[in-house]
Amino acid sequence: MTKQPFYITTAISYVNAPPHLGHAYEVIGADVMARFKRLDGFDVYFLTGTDEHGQKVQKMAETKGKSPQQFADEIAATFIDQTKYLNISNDQFIRTTQDDHKKASQHAWRELQSRGDIYLNKYAGWYSVRDEAYYGEDELSTREDGKKICTATGTEVEWIEEESYFFKLSAYEQKLLDLYENHPDFIQPAFRRNEVVSFVKQGLKDLSISRTSFNWGIPVPGDEKHVMYVWIDALLNYISALGYPEDKNGLFKKYWPCDVHLIGKDIVRFHAIYWPAILMSLEIPLPKRVFGHGFLLTGGNKMSKSLGNVISPQNLVEKFGADASRYALMREVTFGQDGDISWPLMTARINAELANNIGNLVQRTLSQINKNCDGKVPQPGILEDVDHALLNHAGQEMLIAVRGEFEKLQFSRALEEIVRVANAANAYIDEQAPWTLKKTDTARMQTVLYVLAETIRNLGLILQPFVPVAAHRILDQVAVPADARDFVHIGTQHALQAGAELPKPEGVFPRIVDEEPAAQEKTA
RNA sequence: GGCGGGGUAGCUCAGUGGUAGAGCAGAGGAAUCAUAAUCCUUUGGUCGGGGGUUCAAAUCCCUCCCUCGCUACCA
């Protein structure tokens, strides 16, 4: 039986600055999803990468006295590095300065042109030289001296007309509305969909898709004083990475259309309007889903350098390690909504759930097996109702519940289901009190410890997407072979064999102990 | 301004007509296998304000207040 393909992407990160926690959050979310799907029997392709063209990068490079490519190389390296220390399982890391991507983009451009969807015209508007940006009338005000200024930045604006190629976005208005109508799940969460629909209903203007005021970009084929607007170039990464247009390796045929574009809420419009319109023009099937996640906040504020409340991905991993960092971010925030993050909140969550609940469950169970069962998987007797109840909960019940949450990308809910099982197991161990049975009924003690070991095996399996390293250590400790670790092995059909040798147990989720409480208050 | 979300226990949130819920935090107790971890019990809310419909409203209607998002060419 061939596996069903599953293609997931993150947004490609803009290389004007190294990764911040928002980048980490997004790529972790995508990684958790990718790992889950792989373990659940899908043939997964997971893409992330960097977006390297555009005026901002050119400008940043100039201020650093570097060539744009050199600058992009340096920043891209920090994003690639991030995939390592966060333990991200991406299948490819695309960079938009790659040759094949440039060629693919130019090919797409010609295709759009051949369908009559690109035309040359002038882009005109109020431009601030200082801000290097156009502003709409509503963003402007008039100064005492009569000059027009941008209200937000206070800089003077002048009327500028610039030659530009346009994409006939307006032609796709109705098709897009039909898309949202016929595929209500195309944009998620649902409230984002409503925003997009109302935006499109206001009417779409054609999109200016080339620039002449700078040159760090992909040259427009046949008119090289223009470079492609960076978003056109950027969006095309999702297909160029798969080998569009030649598709030499067959990736495009196999994995397109994309199952999930995971992106930030700030770029929903590009992915839910421009991107499908471009694909419609190219006559390429549309992605199945665009999911816009929320932002991480601290104390209700955006993280910013000026507020001094920035938590960097490196800081996070240094303090908690990759596993616990991934857990904290996925658990603490409802995916799709903004969420509050802080050192104390994350520490509390990690200690309460990973260390105290799950970690301690594993430790207390395995150390009893180690001491009282000769270090082997104990031999169960006849199972009682309570035993079946726990095993069912930790088996199919949990898998079905967790899978349901993953379908909705509700990672924090999925973890809630998992923690619930560990909770039930802790209640079970207290109620059954194997340490008492040791003196009164060793056969029953063995049964109880067996049921717990089985529960731990299931927990280890289901935790793999979130905390890959620790989950593997848990599975090692209950001697689960490497080829018995995907989700078909969850449940009683693949239960542990009594008598199997177990290694000496070691803690997998250490408690976070703050040596400097003062450091907490700083960000609390 | 327009459109759309929210406002429920200290915190994060669930709950769309029928006696207010969960997790965490707080309090008390039990246990001692375990990472001083665990388990049980429990305090706590006039469900943003006001008005209305109804036998009955967090839940429906009106109104007001507060808050957040979207309202195109930086990405």
Side-chain angles (χ1 to χ4, degrees), chain A residues 11-17 51 53-57 59 123 125 127-128 131-136 138 162 164 166-167 169 189-211 229-232 234 264-270 273-274 292 294-295 300 331-334 337-340 344-345 348-349 351-372 412-413 416 419-420 422-438 445 448-449 452 505-513:
Chain A
I12 47 176
S13 306
Y14 201 57
V15 295
N16 59 335
D51 177 14
H53 292 123
Q55 187 169 30
K56 266 191 189 175
V57 169
K59 202 75 197 168
Y123 183 77
Y127 184 80
S128 161
D131 300 344
E132 293 174 333
Y134 283 96
Y135 293 106
D138 54 338
E162 184 184 354
S164 172
F166 285 81
F167 173 68
L169 186 64
F191 64 90
R192 295 282 166 221
R193 173 179 175 273
N194 297 337
E195 289 175 3
V196 169
V197 169
S198 64
F199 180 89
V200 175
K201 278 187 174 162
Q202 286 173 33
L204 292 174
K205 291 190 268 185
D206 288 346
L207 192 63
S208 164
I209 54 166
S210 75
R211 300 288 185 270
Y229 172 44
V230 66
W231 262 109
I232 300 300
K265 63 178 186 179
D266 54 331
I267 55 173
V268 167
R269 190 201 310 146
F270 299 92
I273 300 174
Y274 304 166
F295 288 159
R331 178 68 183 93
E332 200 57 38
V333 177
T334 300
Q337 296 178 0
D338 289 353
D340 218 56
L345 280 172
R349 187 66 83 174
N351 284 343
E353 295 182 355
L354 276 186
N356 298 351
N357 195 335
I358 300 173
N360 187 48
L361 170 70
V362 173
Q363 184 75 353
R364 68 199 299 211
T365 300
L366 296 183
S367 80
Q368 286 180 80
I369 290 176
N370 186 55
K371 279 191 268 184
N372 305 320
S412 60
R413 293 290 185 106
E416 215 175 300
V419 169
R420 220 191 296 282
N423 233 318
N426 272 317
Y428 171 90
I429 196 171
D430 269 52
E431 191 190 325
Q432 298 300 316
W435 48 90
T436 302
L437 292 170
K438 181 173 127 184
M445 176 198 76
V448 168
L449 292 177
L452 287 163
E506 316 176 328
V508 285
F509 296 119
R511 280 177 65 80
I512 309 296
V513 181

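A, B, ... follow the sequence lines: proteins, then strands. Residue 1 opens every chain. These figures come from a predicted structure and were not determined experimentally.
rG28(B) and rU43(B) have their P atoms separated by 14 Å, with the value rounded to a whole Å. The separation of rA9(B) from rC47(B), taken at their P atoms, amounts to 10 Å, rounded to a whole angstrom. rG44(B) and rG21(B) have their C1' atoms separated by 13 Å, given to the nearest Å. rU71(B) and rU12(B) have their P atoms separated by 27 Å, with the value rounded to a whole Å. rC64(B) sits 12 Å from rG2(B) when the P atoms are compared, rounded to a whole Å. With both ends at atom P, the span from rG23(B) to rU38(B) equals 14 Å, rounded to whole Å. Taking atom P on both rC70(B) and rG48(B), the two are 25 Å apart, rounded to the nearest angstrom. Across rG15(B) and rG6(B), the matching P atoms stand 10 Å from one another, rounded to whole Å.
For the pair L452(A) and L361(A), the minimum side-chain heavy-atom distance is below 4.5 Å.
Taking atom CG of residue L345(A) and atom P of nucleotide rA25(B), one finds them 12 Å apart after rounding to whole Å. Between I429(A) atom CD1 and rU32(B) atom P there is a gap of 13 Å when expressed in whole angstrom units. If you take CZ of R349(A) and C1' of rA37(B), they are 18 Å apart, rounded to a whole angstrom. For the pair R364(A) CZ and rU38(B) C1', the interatomic distance rounds to 5 Å; values are reported in whole Å. The separation between F270(A) atom CZ and rA75(B) atom C1' is 7 Å, rounded to whole Å. Counting to the nearest Å, the P atom of rA75(B) and the CD1 atom of I209(A) are 13 Å from each other. If you measure from atom CG of L452(A) to atom P of rU38(B), you get 16 Å, rounded to the nearest angstrom. If you take CZ of F295(A) and P of rG69(B), they are 10 Å apart, rounded to a whole angstrom.
Taking 4.0 angstrom as the limit, Q363(A) places a side-chain polar atom (N or O) nearer than this to OP1 or OP2 of rU35(B). At least one side-chain nitrogen or oxygen of R269(A) sits closer than 4.0 Å to the OP1 or OP2 atom of rU71(B). The side chain of K371(A) contributes an N or O atom lying less than 4.0 Å from OP1 or OP2 of rA34(B).
What you find for E506(A) and Q363(A) is that their closest heavy atoms are C-OE1, 3.5 Å. In terms of heavy atoms, I358(A) sits closest to F509(A) at CG2-CE1, 3.9 Å. Minimum heavy-atom separation, I429(A) to W435(A): O-CH2, 3.4 Å. The heavy-atom pair separating V230(A) from Y14(A) by the smallest distance is CG2-CE1, 4.3 Å. Heavy atoms only, all atoms of each residue included: F270(A) and Y229(A) are closest at CE2-OH, 3.7 Å.
The side chain of R192(A) has rG69(B) as its nearest neighbour among rC73(B), rG69(B), rA75(B). Across rA37(B), rA72(B), rU71(B), the shortest atom-to-atom separation from the side chain of R511(A) is found for rA37(B). Comparing rA75(B), rU32(B), rA72(B) by their closest approach to the side chain of I267(A) singles out rA75(B). Here the side chain of N360(A) is nearest to one of rC33(B), rU35(B), rA72(B), namely rU35(B). With rC70(B), rU71(B), rA75(B) as the choices, the nucleotide that has an atom nearest any side-chain atom of Y229(A) turns out to be rA75(B).
For rG4(B), the paired base is rC68(B) (Watson-Crick or G-U wobble, both distances below 3.5 Å). For rA37(B), there is no paired base (Watson-Crick or G-U wobble, both distances below 3.5 Å). rG26(B): Watson-Crick or G-U partner is rU42(B), with both key distances under 3.5 Å. Partner assigned to rC60(B) is rG52(B), using Watson-Crick or G-U wobble distances below 3.5 angstrom. The partner of rA20(B) cannot be assigned: no Watson-Crick or G-U wobble pair with both contacts below 3.5 Å exists in any strand. Nucleotide rA9(B) is matched to nothing when pairs are restricted to Watson-Crick or G-U wobble geometry with both distances under 3.5 angstrom.
Within 4.0 Å (heavy atoms only), G203(A) reaches at least one base atom of the nucleic acid. No engagement by V448(A) is indicated, since no non-hydrogen atom pair under 4.0 Å with the nucleic acid exists. Within 4.0 Å of Y14(A), counting heavy atoms only, lie sugar-phosphate atoms of the nucleic acid but no base atom. Within 4.0 Å of S367(A), counting heavy atoms only, lie sugar-phosphate atoms of the nucleic acid but no base atom. Nucleic acid contact for G359(A): base, since at least one base atom lies under 4.0 Å from a heavy atom of the residue. Residue-level contact check: R211(A) touches the backbone only, with heavy atoms under 4.0 Å from sugar-phosphate atoms and none from bases.
Mapped onto RNA chain B by nearest heavy atom, T365(A) and N194(A) fall at different nucleotides, with N194(A) at the one closer to the 5' end. Place L169(A) and D266(A) on RNA chain B by their nearest nucleotides, and L169(A) ends up nearer the 5' end.
Panel note: side chain T365(A), backbone V362(A); no donor-acceptor pair is recorded below 3.5 Å. No side-chain donor-acceptor contact under 3.5 Å links N351(A) to the backbone of R511(A). Put simply, the side chain of D51(A) never gets that close to the backbone of S13(A): no donor and acceptor are under 3.5 Å apart. Side chain of N360(A) to main chain of A355(A): no donor-acceptor pair is present (N/O by atom type, distance under 3.5 Å, no hydrogens or angles).
For Q368(A) and rC33(B), a side-chain-to-base donor-acceptor distance below 3.5 Å is present, hydrogens and geometry of angles not being considered. Taking only distance into account, the side chain of N356(A) never meets the base of rA37(B) through a donor-acceptor pair shorter than 3.5 Å.
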N/O contacts under 3.5 Å, protein versus nucleotides 39-44 of chain B?
| from | atom 1 | to | atom 2 | distance (Å) |
| --- | --- | --- | --- | --- |
| rC39(B) | OP1 | N423(A) | OD1 | 2.8 |
| rC39(B) | O4' | D430(A) | OD2 | 3.0 |

Discussion item. Let's go through D430(A) and R364(A) carefully: what are the C-alpha distance in whole Å and the side-chain angles of both, what is the deciding distance for salt bridge (Lys or Arg N to Asp or Glu O under 4.0 Å) to 0.1 Å, and is it a yes or a no?
Written reply: CA-CA 11 Å; D430(A) 269 52; R364(A) 68 199 299 211; 3.0 Å; yes

